[in-house]
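Here the structure is laid out as structure tokens; the discussion comes afterwards.
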Amino acid sequence: MENRSSERLTLLDQLEFRRKLSMQLPGTPLRVVYGASGMHVSAVLVDTPSVIIEHGLYWGTVKSREEGMYLCAILNTPALTEVVRPLMSYGKDERHVDKAVWQLPIPEFDPANPGHQRLAELGAAEAARIAALELDETKNFVKLRQVVRSVIATSPDAEELDDLVRLLLE
């Protein structure tokens with residue numbers, strides 16, 4: 001208290017401002033998390049309930065690991081970026097993909113749909129490839145995301161994944 005220059009908000013009050021902390025706790029077992037800005041979506045499935053999501057990220061709960069992998073597969077593909085680009089605001093470059101991505105006709109995951117199941121399988125394979133990477137943590141997040149996007153774009157499943165996402169979004 002003695003080092004504070006203002007009596008406005010305590011640290012806990014700041015963390016809890018507009019319920020941004022308590023809304024996340026207790027965490028749900030499975031959440032798809034993606035970046036709030038940029039021109040490429042970077043999505044991941046978080047399966048640790050105690051993880052608190054930073055303010056520059058969005059998250060949504062999913063019912064199953066398969067549904068999470070399905071969404072991550074769709075969100076991380078270069079095909080999605082191409083389809084969503086015309087919907088994004090434009091400044092120096094396209095940006096704010098978070099506002100545009102949910103304008104696309106992404107169907108709700110149906111575990112009985114073979115195409116949805118295949119996307120979930122491919123999403124899990126991509127997640128395993130990315131998890132196996134030895135990333136240089138001294139690089140900034142922009143460079144790290146470029147590495148991850150490159151792995152996705154050049155993976156053995158890249159063409160099939162892009163084709164499935166294009167068909168899904170038609």
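Fair warning: this is a prediction, and the values are worked out from it, not measured in the lab.
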Determine which pairs satisfy salt bridge (charged side-chain N to carboxylate O under 4.0 Å, His left out) with at least one residue from [range], sequence neighbours left out, and list them in order.
range: residues 140-159; answer: Arg129-Asp157
range: residues 70-79; answer: none
range: residues 109-120; answer: Arg118-Glu121, Arg118-Glu160

Would you please name every residue forming a side chain to side chain donor-acceptor pair (under 3.5 Å) with [X], sequence neighbours left out?
X: Asn140; value: none
X: Ser64; value: none
X: Thr48; value: none

Is there a donor-acceptor contact under 3.5 Å from the side chain of Thr154 to the main chain of Ser150? yes
Hydrophobic cluster (4.5 angstrom, side-chain heavy atoms) - remaining members for Val142: Phe141
By ring pair (Phe, Tyr, Trp, His ring centres under 6.0 Å), which residues pair with His116, not counting sequence neighbours?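 Partners of His116 under the ring pair (Phe, Tyr, Trp, His ring centres under 6.0 Å) test: Tyr70.
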Minimal non-hydrogen separation, [X] against [Y], with atom names:
X: Ala153; Y: Ala158; result: O-CB, 3.3 Å
X: Leu144; Y: Leu135; result: CD2-CB, 4.0 Å
X: Ala79; Y: Asp162; result: N-OD1, 3.2 Å

Sequence neighbours excluded, which residues qualify as side chain to side chain contact (heavy atoms under 4.5 Å, CB included) partners of Ala127?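 Only Met69 meet the side chain to side chain contact (heavy atoms under 4.5 Å, CB included) criterion with Ala127.
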Is there a path from [X] to [Y] through hydrophobic residues (I, L, V, M, F, W, Y) whose side chains come within less than 4.5 Å of each other?
X: Val32; Y: Phe109; result: yes
X: Val83; Y: Leu71; result: yes
X: Leu30; Y: Leu75; result: yes

Taking salt bridge (charged side-chain N to carboxylate O under 4.0 Å, His left out) as the definition, give me every residue that meets it alongside Asp47, ordered by chain and number, with sequence neighbours left out. Arg65
With sequence neighbours left out, the residues meeting salt bridge (charged side-chain N to carboxylate O under 4.0 Å, His left out) with Glu67 are none
Run the side chain to side chain contact (heavy atoms under 4.5 Å, CB included) check on Leu80 and Thr77 step by step: do they pass? CA-CA 5 Å; Leu80 178 111; Thr77 59; 3.6 Å; yes
Can you tell me how far apart CG (Leu169) and CD1 (Ile74) are? Round to the nearest 0.5 Å.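 It comes to 7.0 Å.
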Mind checking the SG-CD1 spacing from Cys72 to Ile152? Nearest 0.5 Å is all I need.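 It is 9.5 Å, given to the nearest 0.5 Å.
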Would a 4.5 Å heavy-atom cut-off, applied to side chains only, mark Glu66 and Pro111 as touching? no
Please name the residue in the list Val51, Val44, Leu45 that meets the side-chain contact (heavy atoms from CB on, under 4.5 Å) test with Arg31. Val51
Identify each donor-acceptor pair in which a side-chain atom of residues 100-108 lies under 3.5 Å from a protein atom, sequence neighbours left out, and give them as a table.
| from | atom 1 | to | atom 2 | distance (Å) |
| --- | --- | --- | --- | --- |
| Trp102 | NE1 | Tyr34 | OH | 2.7 |
| Gln103 | NE2 | Lys99 | O | 3.2 |

